[in-house]
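Heavy atoms only: backbone and side chains are in, while hydrogens, waters and symmetry mates are out. Order of listing sets the numbers, starting from 1, for every ligand and every atom in it. These numbers come from a predicted model, not from an experiment.
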Amino acid sequence: MKKKPWRMDTLLPPGFVFLISILLFLNPSNASQIINKCSNATSEPFIQCLLANSIPHSLLYTQGTTSYSTLLEFSIRNQRFNTTNTPKPLAIITPTIESHVSAIIGCCKMNNIESRVLSGGHDYEGLSYVALGTPFVIINMQNMSSIDVNTNDNTAWVQAGATVGELYYHIAEKSKTLGFPAGLCPTVGVGGHLSGGGIGTMMRKYGLASDNIIDARLVNAEGKILDRESMGEDLFWAIRGGGGASFGIILAYKIELVQVPSKLTIFAKSFNFSQHSSLVKIVSQWQDVSYRLDIRLFIRQFIQVSSDSKGNRILQVKFESLFLGETEELLSIMHKKFPLLDLQVQDCQEMSWIETVQYFAGYTNGEPLSALLERKSQFGYSFKAKSDYLTSLIPEFGWKRIWDDLLRSNATVLMIIDPLGGKMDEISESETPFPYRNGSLYNIQYLVAWVDGDQSVVNRYLDWIRGFYEFMKPYVSKNPRAAYLNYRDLDLGTSLNGDLSYFERTQWGKRYFKDNFRKLALVKLEVDPKNFFRSEQSVPPLNLY
Ligand SMILES: Cc1cc2nc3c(=O)[nH]c(=O)nc-3n(C[C@H](O)[C@H](O)[C@H](O)COP(=O)(O)OP(=O)(O)OC[C@H]3O[C@@H](n4cnc5c(N)ncnc54)[C@H](O)[C@@H]3O)c2cc1C
Ligand SMILES: *[C@@H]1O[C@H](CO)[C@@H](O)[C@H](O)[C@H]1NC(C)=O
Ligand SMILES: *[C@@H]1O[C@H](CO)[C@@H](O)[C@H](O)[C@H]1NC(C)=O
Ligand SMILES: *[C@@H]1O[C@H](CO)[C@@H](O)[C@H](O)[C@H]1NC(C)=O
Ligand SMILES: *[C@@H]1O[C@H](CO)[C@@H](O)[C@H](O)[C@H]1NC(C)=O
Ligand SMILES: *[C@@H]1O[C@H](CO)[C@@H](O)[C@H](O)[C@H]1NC(C)=O
Ligand SMILES: *[C@@H]1O[C@H](CO)[C@@H](O)[C@H](O)[C@H]1NC(C)=O
C-alpha cells in the first residue's frame with residue numbers, strides 16, 4: 001500500500017478514520033499487537049495513524065519493549081542523558097523512505113505530539129532525543145543513510161542519517177584524490193553536523209562542511225518534500241549552518257567534494273606542562289601564526305587535564321596537524337613560521353587523505369578502514385561542553401593562568417583550540433548563518449567529562465565548567481560573546497521560556513548567529529509560522545510585535 005504524503009492544509013485526510021478501522025479490521029493480529037504494545041493511551045492514536053499511513057510496524061519502537069530501550073540507549077551519545085529520570089519518547093520511528101517522514105510529521109501534528117529528529121545523536125544537550133515536559137517521539141534517521149558519490153562532477157548525495165565516517169569511507173572508495181571538509185569524529189551524523197556548520201581539519205582551505213552544500217531535500221512543516229529549487233534560497237540558506245531542527249527534517253544533502261593530494265602529512269607533538277618551562281613561548285608562537293599560515297596547514301592545540309595513576313594532576317598540551325602536502329615542504333614552512341616547535345622529519349608521517357581521517361578519529365593501531373563505518377561512539381562518558389571564539393591573542397600571562405585554573409579541576413577536562421583563517425576569512429558574514437569569519441582567529445571548545453555520579457557530582461562538574469567559562473571571559477570575543485551551534489550549550493538560554501519576551505528568550509541566537517539570527521527568525525516565520533519544529537534552542541518565528 002503506497003500512499004502519497006497528504007497535504008497538511010487539509011487537516012484530516014478524507015476517509016482517514018475509516019481507513020484506520022478497515023486496517024484494524026482486516027488485520028486483527030496487527031491490531032492486538034498495537035493494543036498490547038501501547039497500553040500508553042497517548043501514543044495509541046499516533047501509532048494507529050502511522051500504520052494507516054504505510055509506516056510498517058517493524059519501524060516502530062514503542063515504550064516498554066526491549067528493542068525500544070536498546071535503540072534509545074544506542075542513540076544516546078552523552079551519558080548525562082542516559083538516566084531513568086530523563087524524559088523518554090512515546091515511540092521511536094526509523095523511517096526508511098522519504099514519504100515515511102512526511103507521514104510521521106502528519107501524525108505528530110494530528111495528535112499534538114512533538115517530534116525530535118536524530119541523525120547521529122551527538123547533540124551536546126541531547127536535543128535530538130530528549131524533550132522536557134511534553135509528549136514526543138524520536139524520528140531516528142539512521143536507516144536513511146545512503147551515499148551516492150559521483151566522480152564525474154565531484155559531488156555526492158548523502159542522506160541525513162549517514163555518519164561522516166560513512167561519507168569519508170565511500171568517497172575514498174571511489175577516489176584517492178577527493179575528500180570532504182567536515183568534522184573529525186566519524187560517528188557524527190550528517191543531519192545535525194552539516195546543518196549546524198561542521199568544522200574540521202580542512203576548513204582553512206575549504207571552509208565549513210556547510211559551505212560545501214549545493215542542494216538539499218527536506219520535509220517541511222506541511223509534510224511536503226522540497227529540494228533547493230522548491231524550498232527557495234532563503235530556506236536553503238538557513239539549513240546551511242542555522243541548524244536543521246528549526247526548519248524541517250533534512251532528508252539529504254548534495255555536497256561538493258574537494259580535491260586532496262594523494263600524499264598528505266600529519267604530525268603530533270605533546271608537552272607535559274610541568275616539564276617544560278618554555279611551553280608558554282611555544283604556545284604563544286603557535287597562536288601568533290596558526291590562523292594566518294599557508295591555508296593547506298592546520299595546527300590545532302589540544303589541552304588535556306587528567307589524573308595519573310598516583311592521583312597527580314597532569315596537564316598535557318598537544319599540537320595536532322594536517323598538511324595538504326608533503327613532509328619536506330611542511331618542514332620548510334614550520335622552520336620559517338613556527339621554529340619553536342622544532343619539528344623534525346621523524347615527527348611527520350605521510351599518508352593518504354582517508355588515512356588522515358582514520359588518524360584524527362583515533363584509529364592509529366592498524367584498525368581496518370571499515371572501522372569508519374562503526375556507528376557506536378567511542379566516547380562513552382557524561383559530559384558538558386561550551387565554546388568561544390578568539391578575536392585577539394591571549395597574552396603569555398593569560399596562558400599561565402589558564403593552565404593553573406584547568407589544573408584546579410577534578411575531572412577529565414579538554415580544551416581544543418582550532419585555527420580559522422584562510423578560506424574562512426573569504427566568506428562574508430551573511431553568506432550563510434555561520435557568521436564567525438574574517439576577524440575570528442580561533443574556535444575554542446571546553447569539555448568536562450566524567451563517569452557516572454549522582455546529581456551532586458554532576459552539579460560539581462557543571463559548576464566547574466561554568467566557572468571556567470566565566471574565568472575565560474577577558475580573553476575571548478565580546479558583544480556578543482560568540483558560541484558555535486554544533487557545540488550546543490543550553491546555558492546560553494532557551495526559547496521555550498514563555499514568561500520572557502521574544503527578545504529575552506532569543507539572546508542565545510545572537511551568540512551563535514550574530515545578525516544572521518534575524519534572518520533565520522524571518523525564514524522561520526515564513527516556513528513554520530506555528531512553530532511545529534521546536535525545541536529548547538530552536539529559532540522561534542520572528543515576533544513582529
Ligand atoms: C565526539 C564528538 C566529536 C565532535 N567533533 C566535531 C567536529 O570535529 N567538528 C564539529 O563541527 N562538530 C563536532 N561535534 C559536534 C557535532 O557536529 C554536533 O553535535 C552535531 O550537531 C551532531 O550531529 P548529529 O546528527 O550527530 O547529532 P543529533 O543529535 O542527531 O542532531 C543534532 C541536532 O540536529 C538536529 N538534527 C539531526 N538530524 C536532523 C535532520 N535530519 N534534520 C533536521 N535536524 C536534524 C537534531 O534534532 C539536533 O537538534 C562533535 C561531537 C561529538 C560528540
Ligand atoms: C506513558 O506511559 C508511561 C509509563 O508506562 C508513563 O510514564 C507516561 O507518563 C505515559 N505517557 C503519557 C503521555 O501518558
Ligand atoms: C545507558 O544506561 C544503561 C543502564 O544504566 C546501560 O546499560 C547502557 O549501557 C547505557 N548506554 C550506553 C550507550 O552506554
Ligand atoms: C535498518 O534496516 C535494516 C535492514 O535494512 C534492519 O535490519 C534494521 O532493523 C533497521 N534498523 C532499524 C533501527 O530500524
Ligand atoms: C607526560 O607525563 C606522563 C605521566 O607522567 C607520561 O606518561 C608521559 O610520557 C609524559 N609525556 C611527555 C611528552 O613527556
Ligand atoms: C576538587 O577536590 C578537592 C578535594 O576533594 C575539593 O576541595 C575541591 O573543591 C574540588 N574542586 C572542584 C572544582 O570540584
Ligand atoms: C579581513 O579583514 C582585514 C582587516 O579588516 C582585511 O585587511 C583583509 O583584507 C580581510 N581579509 C579578507 C580575506 O577579506
Side-chain angles (χ1 to χ4, degrees), residues 75-79 81 95 101 114-131 136 138-142 144-145 158-165 181-203 208-210 216-220 238-239 241-253 291-292 295 300 357 360-362 375 377-381 383 385 387 414 416 418 420-429 434 437-441 443 445 447 449 484-489 533-538:
S75 312
I76 296 176
R77 302 302 190 203
N78 186 342
Q79 294 310 304
F81 305 109
V101 179
E114 271 189 28
S115 70
R116 291 295 161 101
V117 55
L118 181 146
S119 288
H122 285 69
D123 193 278
Y124 281 8
E125 299 281 9
L127 297 195
S128 54
Y129 51 87
V130 183
F136 72 105
I138 295 177
I139 305 173
N140 180 328
M141 301 293 284
Q142 76 177 41
M144 291 183 71
S145 60
V158 50
Q159 283 191 305
T163 63
V164 297
L184 286 68
C185 169
T187 52
V188 160
V190 163
H193 185 65
L194 269 65
S195 69
I199 67 181
T201 55
M202 296 201 290
M203 69 179 153
L208 303 171
S210 55
R217 293 178 66 77
L218 157 148
V219 172
N220 73 2
I239 58 168
S246 299
F247 303 99
I249 312 288
I250 314 281
L251 299 168
Y253 281 119
Y291 70 94
R292 52 199 178 105
I295 64 172
R300 70 168 180 173
V357 167
F360 283 102
R375 292 191 79 104
S377 176
Q378 301 159 285
F379 194 79
Y381 301 97
F383 68 92
S387 63
L414 304 180
I416 303 170
D418 288 328
L420 304 170
K423 174 77 176 176
M424 296 293 288
D425 288 353
E426 288 167 18
I427 298 171
S428 83
E429 281 193 11
F434 181 96
R437 305 290 186 169
N438 197 5
S440 294
L441 314 180
N443 170 279
Q445 169 169 214
L447 190 145
Y484 174 41
L485 178 68
N486 267 344
Y487 300 155
R488 191 190 302 286
D489 179 5
F533 292 113
R534 65 173 171 265
S535 69
E536 285 72 12
Q537 253 179 14
S538 62

Extract all N/O-N/O pairs under 3.5 Å that connect ligand 7 to the protein, and present each with both atom names and the distance rounded to 0.1 Å.
{"from": "ligand 7", "atom 1": "2 (O)", "to": "N438", "atom 2": "OD1", "distance (Å)": "3.4"}
{"from": "ligand 7", "atom 1": "2 (O)", "to": "N438", "atom 2": "ND2", "distance (Å)": "2.3"}
{"from": "ligand 7", "atom 1": "11 (N)", "to": "N438", "atom 2": "ND2", "distance (Å)": "2.9"}

| note | In this structure, CE of M202 is separated from CG of L208 (nearest 0.5 Å) by 12.5 Å
| query | Looking at CZ of R77 and OH of Y129, how far apart are the two atoms once the value is rounded to the nearest 0.5 Å? | reply | 9.0 Å
| query | Under a strict 4.0 Å criterion on non-hydrogen atoms, which protein residues are in contact with ligand 1? | reply | V117, L118, S119, G120, G121, H122, D123, Y124, S128, A160, G183, L184, C185, V188, G189, G191, G192, H193, G198, I199, G244, A245, G248, I249, I250, Y484, N486, Y487, R488
Ignoring hydrogens and geometry, is there a side-chain-to-backbone donor-acceptor pair from [X] to [Y] under 3.5 Å?
X	Y	result
S535	L127	no
Q142	L118	no
N486	H193	yes
S119	A160	yes

| Test item: R300 and I416 side chains (from C-beta on) under 4.5 Å apart, heavy atoms | yes
| query | For the residue pair Y124 and Y487, does the interplanar ring angle fall in the parallel (under 30°), tilted (30 to 60°) or perpendicular (over 60°) class? | reply | parallel
| request: Verify side chain to side chain contact (heavy atoms under 4.5 Å, CB included) between Q537 and E125, making sure each step is shown before the conclusion. | output: CA-CA 10 Å; Q537 253 179 14; E125 299 281 9; over 6 Å; no
